[in-house]
Amino acid sequence: MSSKLLLDEKPLLIIPSLAKQVGLNESIVLQQIHYWLQISEHNYEGFKWIYNTYDEWVEQFSWWSKATIRRIITKLENEGILVTGNFNKMKIDKTKWYRIDYERLEGMSSPCAQNEQSKCSDRAVEALNLSTPLPEITTEITSDIKKEEEVTHTTAHSPIHFFEENGFGTISPYIAENIYSWIDDLSEELVIEAMKIAVENGSRNWKYVSAVLKDWTNKKFKTVQDVHAAQMAFREKRSKQRSSNHSNRKEVVPDWMNKQDPPDQSPNAENVDKEAFELEKKKLFDRIKKYKEKQE
């Protein structure tokens, strides 16, 4: 199956109507994937598929960064135009497989787009060298690509900047790749939120952040709002537990308070004790005096 919005020719041409519908960069990626699908021999679930790592995509789109390509592919996935799967023999292999949902894409086409398709095809045959990957309008679209990439690059790297600017240390290529993977699985906002929690808890290391993100994945959190709602629910539960424990706690009373009378706190108590002591002292001296008299 194919779509009138895409070309079967080798040159990487894009139709203005497609760019208007899905975006300039997205239309370039779609056209390239469409080209490879035409010659693919990988058939699964009744469709042709291709597979590529992000590093391999960078080789084909050398003017883009890996972060930009991630953003483009993710956008196409979210819109349902690009379908991804995993048909790798080893489960540990996370290389993505791709196919285009031509029916969804066809729904975006219009008579105008079909006319442009025909005109572009005629120009491709008459004027283009088949070894040229892009038409002569490359110069015109390059500035647009660079502008869009600059915005995307800043946004996509915000977790990287947060990591470096908040005491996590120098970021390594391995950690950077992990961050981008979590961005794909969750979102930039959630990755940054996990880093904020690490900072607040004094655990500025990627291992802690990764553990938080895994927990959120298991709990199926999709947004920062989900995280905040869960935190609020936890605080309320803990507050209720503390209130319950406080109400059920009995005051411990020392045994001496139950078995003895309280000490005499009257104003004359001290004087009474002194008089008794003096009396006992006098009696003792009288006994000693009598004893001495008998001995004499």
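Predicted model, so just to flag it, every value in this text is computed and none were measured.
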ask   = Given Phe47 and Val83, is the side chain to side chain contact (heavy atoms under 4.5 Å, CB included) satisfied, shown in steps?
value = CA-CA 11 Å; Phe47 300 98; Val83 182; over 6 Å; no
task = Determine whether Gln231 and Ile197 make a side-chain contact, defined as any pair of heavy atoms from C-beta on separated by less than 4.5 Å.
result = yes
inquiry  = Taking Arg235's backbone N and O only, do any of them form a donor-acceptor pair with Ser239's side chain (distance below 3.5 Å, no angle check)?
reply    = no
ask   = Hey, does Leu18 have a side-chain heavy atom less than 4.5 Å from the side chain of Leu105?
value = yes
query = Same hydrophobic cluster for Trp63 and Ile33, using side-chain heavy-atom links shorter than 4.5 Å among ILVMFWY?
reply = yes
Met195 CE to Ser203 OG distance, which is reported to the nearest 0.5 Å = 14.0 Å
task = Answer yes or no: is there a side-chain heavy-atom contact under 4.5 Å between Glu77 and Lys96?
result = yes
ask   = Given side chains that start at C-beta, do those of Ser27 and Ile15 come closer than 4.5 Å, heavy atoms only?
value = no
task = Salt-bridge test for Glu177 and Lys66: reply yes if a basic N is under 4.0 Å from a carboxylate O, no otherwise.
result = yes
key: From CH2 (Trp97) to CG (Asn86), nearest 0.5 Å   = 9.0 Å
note = Minimal heavy-atom distance between Ile50 and Ser40, with the atoms involved, is CG2-CB, 3.9 Å
ask   = Hey, are the side chains of Asn52 and Thr95 touching, using non-hydrogen atoms and a 4.5 Å cut-off?
value = no
query = Is a donor on one side and an acceptor on the other found under 3.5 Å between the side chain of Asp215 and the backbone of Ala211?
reply = no
task = Please name the pair of heavy atoms, one in Ala194 and one in Leu213, separated by the smallest distance, quoted to 0.1 Å.
result = CB-CD2, 3.7 Å
key: Between Trp36 and Gln60: side-chain donor-acceptor atoms closer than 3.5 Å   = yes
message = So, taking the atom named CH2 in Trp182 and the one named OG in Ser187, what distance separates them when rounded to the nearest 0.5 Å?
response = 11.5 Å
ask   = About how many Å separate CD1 of Ile73 and CG of Asp184, when rounded to the nearest 0.5 Å?
value = 9.0 Å
query = Does any non-hydrogen side-chain atom of Lys48 lie less than 4.5 Å from one of Gln38?
reply = no
request  = Quick one: do Lys196 and Glu193 satisfy side chain to side chain contact (heavy atoms under 4.5 Å, CB included)? Show the steps, please.
outcome  = CA-CA 5 Å; Lys196 288 180 181 179; Glu193 185 69 18; 3.9 Å; yes
inquiry  = In this structure, would Tyr102 and Ile39 fall into the same cluster of hydrophobic residues linked by side-chain contacts under 4.5 Å?
reply    = yes
query = Is Tyr44 linked to Leu37 within one hydrophobic cluster, defined over Ile, Leu, Val, Met, Phe, Trp and Tyr using a side-chain heavy-atom separation of less than 4.5 Å?
reply = no
task = Answer yes if the ring centres of His42 and Tyr51 are under 6.0 angstrom apart, and no otherwise.
result = yes
Which pairs of donor and acceptor atoms, one on a side chain in residues 164-175, lie under 3.5 Å apart (sequence neighbours left out)?
| residue | atom | partner | partner atom | Å |
| --- | --- | --- | --- | --- |
| Asn166 | ND2 | Phe162 | O | 2.8 |
| Ser172 | OG | Ile175 | N | 3.3 |

request  = Run the numbers on Val199 and Arg204 for side chain to side chain contact (heavy atoms under 4.5 Å, CB included), then give the verdict.
outcome  = CA-CA 6 Å; Val199 172; Arg204 291 178 172 86; 3.2 Å; yes
request  = Kindly indicate, with the supporting measurements, whether the criterion side chain to side chain contact (heavy atoms under 4.5 Å, CB included) is fulfilled by Val191 and Phe163.
outcome  = CA-CA 10 Å; Val191 174; Phe163 186 100; over 6 Å; no
message = In the structure I gave you, are the side-chain heavy atoms of Ile69 and Phe61 within less than 4.5 Å of one another anywhere?
response = yes
key: Within the 6.0 Å centroid threshold, strictly below: Trp57 and Tyr98   = yes
ask   = Are Tyr208 and Val212 close enough that some pair of their side-chain heavy atoms sits under 4.5 Å apart?
value = yes
task = Give, for atom CH2 of Trp49 and atom CD1 of Ile100, the distance between the pair rounded to the nearest 0.5 Å.
result = 11.5 Å
ask   = For the residue pair Phe221 and Trp216, does the interplanar ring angle fall in the parallel (under 30°), tilted (30 to 60°) or perpendicular (over 60°) class?
value = tilted
query = Is the backbone N or O of Ala233 less than 3.5 Å from a side-chain atom of Glu236, with the two atoms forming a donor-acceptor pair by type?
reply = no
request  = Please round to the nearest 0.5 Å and tell me the distance separating atom CD1 of Ile72 and atom CG of Leu24.
outcome  = 9.0 Å
inquiry  = Strictly below 4.0 Å, N to O, side chains only: are Glu26 and Arg71 in salt-bridge contact?
reply    = yes
